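The structure under discussion appears below in the form of structure tokens.
Just so you know, these numbers come straight off a predicted model, no measurement behind them. When a ligand or atom number is given, it counts from 1 through the structure's own listing order.
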Amino acid sequence: MSLKIPEHVAIIMDGNGRWARKRGLPRIAGHYKGAEVAEDIVEFAIELGIKHLTLFAFSTENWNRPKEEVEALFELLRRYLQTKKDKLYKLGIRVRFIGRRDRINKELVKLMQEIEEESKKFKNLFLNLAVDYGGRDDILRAVKKAVKLQREEITEELFSSLLDLSCSPDPDLLIRTAGEKRISNFLLWNLAYTELYFSETLWPDFSREEFLKALEDFSRRKRKFGRVLDE
Ligand code: FPP
């Protein structure tokens, strides 16, 4: 069977904490290993010809974690972006951040804007990083924008264009690791017809092989989008 390459893959990178605990390490060690895995999957996605990749790095609910973990996660993100931005450009990656900006440290927001601006010209891969992102929050912000437009008719197309992920098509495949089978307030609107794939593997143990397994599974799916398929 030939491998179907989805145009857009979204990933909920779950299980970092459990991975660390199993090794008697602090939870943040799992996040650091998780970031390395994310980096490798980004490179692999380019090699495979995937055009859009969306990674859930920090949710609107993650603020409820212990303060030290929240701070350490943002420090990891800042460090990663600072040290890897040139590599991202070299790989021809266009980076966009989805989610709220108003609760994130101003310096980090500046760095995020700089990377979005600098990477605008690239198109090998559209990498969307979800930071302080929640699906309901995204929809609510879009509703507020829609109300301001005072249009007589608001179509699905118009509404989609007001959402954070307006520059990417809806994900074809969502992967969630670490055994949990939920959406957890990720891209609620955009996942309407997305194929879901759940892996038992903890994110820090996720690999190119595991990613290929997900793509093989995706290749076997019959996507109907609510229609009847001809036999
Ligand atoms: C879920 O694991 C993971 C997160 C909340 C953070 C994900 C962040 C990264 C992988 C690193 C940052 C990414 C980039 C792109 C630099 P969990 O802590 O909920 O694990 P658990 O369910 O085992 O506790």
Trp19 six-ring centre to Arg21 NZ/CZ under 6.0 Å and within 45° of normal: no

Between Lys51 and Glu7, is there a donor-acceptor pair closer than 3.5 Å when you use the side chain of the first and the backbone of the second?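 Looks like no, no N/O pair under 3.5 Å.
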
Would you find a donor on one side and an acceptor on the other, under 3.5 Å apart, between the side chain of Trp203 and the backbone of Gly34?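 Such a contact is found between Trp203 side chain and Gly34 backbone.
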
Side-chain cluster (under 4.5 Å, hydrophobic types only) that Phe225 belongs to, other residues: Tyr193

Atom NZ of residue position Lys4 - does it have more than 12 heavy atoms of other residues, nucleotides or ligands inside 6.0 Å? yes

When distances are taken from atom 15 (C) of ligand 1, the protein heavy atom at minimum range is Leu129 CD2, 4.0 Å

Looking only at protein heavy atoms, identify the closest one to atom 4 (C) of ligand 1 and say how far it is in Å.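 The closest one turns out to be His31 CE1, 3.9 Å.
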
Based purely on interatomic distance, does [X] place a nitrogen or oxygen under 3.5 Å from a nitrogen or oxygen of ligand 1?
X     : value
Asp14 : yes
Asn16 : yes
Arg18 : yes

With a 4.0 Å cut-off on heavy atoms, is Arg27 touching ligand 1? yes

Non-hydrogen atoms of Arg65 versus ligand 1: any pair closer than 4.0 Å?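 Right, Arg65 reaches ligand 1.
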
